[in-house]
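First up is the structure itself, then whatever we jot down about it.
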Amino acid sequence: MDGIDSTELGSNWQRRTVYYALVLALIMLAYAVLYHMGMVALEGEEVSFLHSLQVVVETFTTTGFGSDAPWEHPWMNVLVVVMDLTGVVLIFLAMPLLLFPLFEEAISTTPPVELEEDLTDHVIVCAFSPRTEVLIDELVARDIDYVIVESDTDRATALHEGGQPVINRNAESVDGLEAARLSAARALIVDVDDETNTSIILTAKEVAGDVQVISTVEDPNREHYHRLAGADTVLTPRLLRGESLAAKVTSGISAELNDVIEITEDFELAELPVQRDSDLVGRTIAESEIREQTGVNLLGAWSRGWFESPPSPGMEIDESTVLLAAGREEQLQRLKDRTRSTLRPPTAGETIVVGYGETGRAVGEVLQRRDVAYTVLDGIDMPDVDVVGGATEPENLLEASIADARTVVLALPEDATTEVTTLVSRDLSPSVEIVARAEQMENVTKIYRAGADYVLSLATVSGRMLATTVIEDEEVISLNTQIEVVRTPASRLVGQRLKDARIRSRTGCTVVGVERNGDVITELGPEFRIETDDLLIVAGTDEGVNRFTELLE
């Protein structure tokens, strides 16, 4: 609903209130005439008309009848009884319908319908979602103005009361995008659904054809039409996430080191999940002697959705731990060998893909390309689905041979279903590896708690993809991992030594490299001094990288 519609609703309510007040006044005047005539003709008392009107008002409001009570004539008592009932109906029963909405409107917050005239170089977001929330966090950290265009009045009001810059407009209309000052904007982010996105893109190119338009697609087949409509960049986060989940499966099966983040030709970062039968499980970081035996620099560790950087020596490694390490390829390979199972052959057991939407199909395509056998479980009978049934039903998972499976990939569209399926899968097969997708970031921890080994959020992938497109002076190197790696200038730290900047203690991030004059320096000691035009390569959680950016600001 557009903001103008809500104004019309307010006008209708005011019109009804005026009509009610007029009808109430006429009825009270009629009763005053009847009461005046009754007092003269039936009670034999001469009273003024103003006195009669006063008695009617006292009766309607139940504040009393003054000195006129009691009445001798029965018809006068009937008249007063009828006035009592009429007053209750007209005033007290009408209060919830008319007066309460008046008070509610007086204290409620109405979202604006247009931006201030002097706002420029801002990012327009259509509309607010968990996916764009990650992007907004990035924009706030970099002090980039933005506005959310939301057509639903209730959602726009909630966002406005929550402190978000929002206008209650329809982004598919010319007036809506003009109210958001599209012609003065830096970029337009379109992230609703595939059809609505196409409509907004067409409108945007009509309003301001030179403004950068970035859209997301659920169905990769729609990418072509978004570009035909005029989108400058089209992102497919679901496809990327499917490939990322599949990479975790093949990484666990293959003995080779894959899915690394390359900083230089001989220096890489890697997320390495610890498998359940690894000899690292049950040891602390200190007891594992990872650095001594492999030579890697252990930057951090995930455990059930929580990230610790640097990991404390007493942190215990379990089957849900994901190690973040930096080093040369051979060093990371030695660590990967230690994270793998010591009891189970890497090819033992198939993979079960639960959910065969866009993400599930992307997982299947990657597994097929890498010759990994898999079974598909989905609630809809369609091509390539091996077992048809609900993911939360134990008999369906048993039919898919979960007891013999090595890995279960949960590519389900609802987080609540993913949580229950994780619990059921873990109960049926305590040793199976569970790799899961999450729609919303706040549910990642719950899915880990349910028993998942690795969880990747769509909001994280989408937000990073959008951020690296919009933010000009920063490059997001890692889009599909639990940690974020960015390359960014750090002019405010020029002249400081790393130990004086205290980046890790202040932000939770680690400087893994510095790009200087085209070369990347990875041997960074505490005495290393940051120079003009240096680009820092920083690794950490999304929140940590945002804190680092705020530090630079």
Side-chain angles (χ1 to χ4, degrees), residues 134-135 137-139 141-142 235 237 240-241 243-244 247-248 251 257-273 296-302 305 307-311 322-329 331-332 335-336 441 444 454-457 459-490 493 498 501 503-504 506-516 518-524 528 530 534-552:
V134 175
L135 167 67
D137 290 340
E138 302 268 359
L139 297 177
R142 289 149 186 81
L235 306 177
L240 176 61
R241 184 178 59 175
E243 294 173 349
S244 304
K248 298 305 173 188
S251 175
L257 184 67
N258 298 308
D259 199 27
V260 297
I261 304 168
E262 185 175 299
I263 305 301
T264 67
E265 291 184 359
D266 58 354
F267 187 79
E268 300 168 334
L269 300 183
E271 280 185 339
L272 299 172
V296 302
N297 182 14
L298 198 59
L299 305 180
W302 290 92
F307 185 69
E308 185 175 345
S309 177
V322 180
L323 301 175
L324 172 63
R328 297 188 303 275
E329 181 178 356
Q331 294 174 328
L332 294 173
L335 177 58
K336 180 183 172 90
M441 290 182 297
V444 169
Y454 189 90
V455 184
L456 187 62
S457 164
T460 299
V461 174
S462 304
R464 290 178 187 168
M465 293 178 77
L466 292 169
T468 194
T469 307
V470 174
I471 301 171
E472 298 172 351
D473 60 348
E474 179 180 283
E475 177 189 0
V476 180
I477 301 173
S478 60
L479 296 175
N480 57 348
T481 57
Q482 293 191 94
I483 54 98
E484 183 175 10
V485 182
V486 299
R487 182 185 284 109
T488 181
L493 301 179
L498 286 180
I503 293 173
R504 177 176 282 189
R506 296 164 72 180
T507 68
C509 296
T510 301
V511 179
V512 297
V514 174
E515 185 174 319
R516 177 179 295 171
D519 297 323
V520 177
I521 305 169
T522 57
E523 298 294 333
L524 304 174
F528 183 88
I530 301 170
D534 279 352
L535 294 177
L536 270 60
I537 302 173
V538 179
T541 62
D542 293 87
E543 295 81 3
V545 171
N546 287 340
R547 286 194 296 269
F548 173 74
T549 304
E550 291 170 355
L551 172 66
L552 298 183

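Here the structure is a predicted model, which means the values were calculated and not measured. The chain is numbered in sequence order, starting from 1.
Contact detail for Val545 and Cys509: the closest heavy-atom pair is N-SG, 3.4 Å. Across all non-hydrogen atoms, the minimal contact from Gly327 to Leu332 is O-CD1, 3.8 Å. When all heavy atoms of Ala301 and Leu323 are compared, the pair lying nearest together is CB-CD2, 4.0 Å. Nearest heavy atoms, Leu298 versus Pro311: CD2-CG, 3.8 Å. When all heavy atoms of Ala326 and Leu299 are compared, the pair lying nearest together is CB-CD1, 4.0 Å.
Contact of the Leu335 side chain with the Leu272 side chain is registered, since non-hydrogen atoms from C-beta on lie closer than 4.5 Å. Side chains of Arg506 and Arg547 form no contact here, defined as non-hydrogen atoms less than 4.5 Å apart. In this structure the side chain of Ile503 reaches within 4.5 angstrom of the side chain of Leu493, judged on heavy atoms. When side chains are defined from C-beta on, Ile530 does not count as touching Val514, because their heavy atoms never get closer than 4.5 Å.
When the options Val296, Ile537, Val512 are evaluated for a side chain to side chain contact (heavy atoms under 4.5 Å, CB included) with Leu269, the one that passes is Val512.
Between the CZ atom in Phe267 and the CD atom in Glu523 there is a gap of 7.5 Å [rounded to 0.5 Å]. How far CG of Leu498 is from CG of Leu536: 7.0 Å, rounded to the nearest 0.5 Å. Distance check: Glu543 CD to Asp137 CG gives 7.5 Å after rounding to the nearest 0.5 Å. Atom CZ in Phe548 sits 13.0 Å away from atom OG1 in Thr541 (nearest 0.5 Å).
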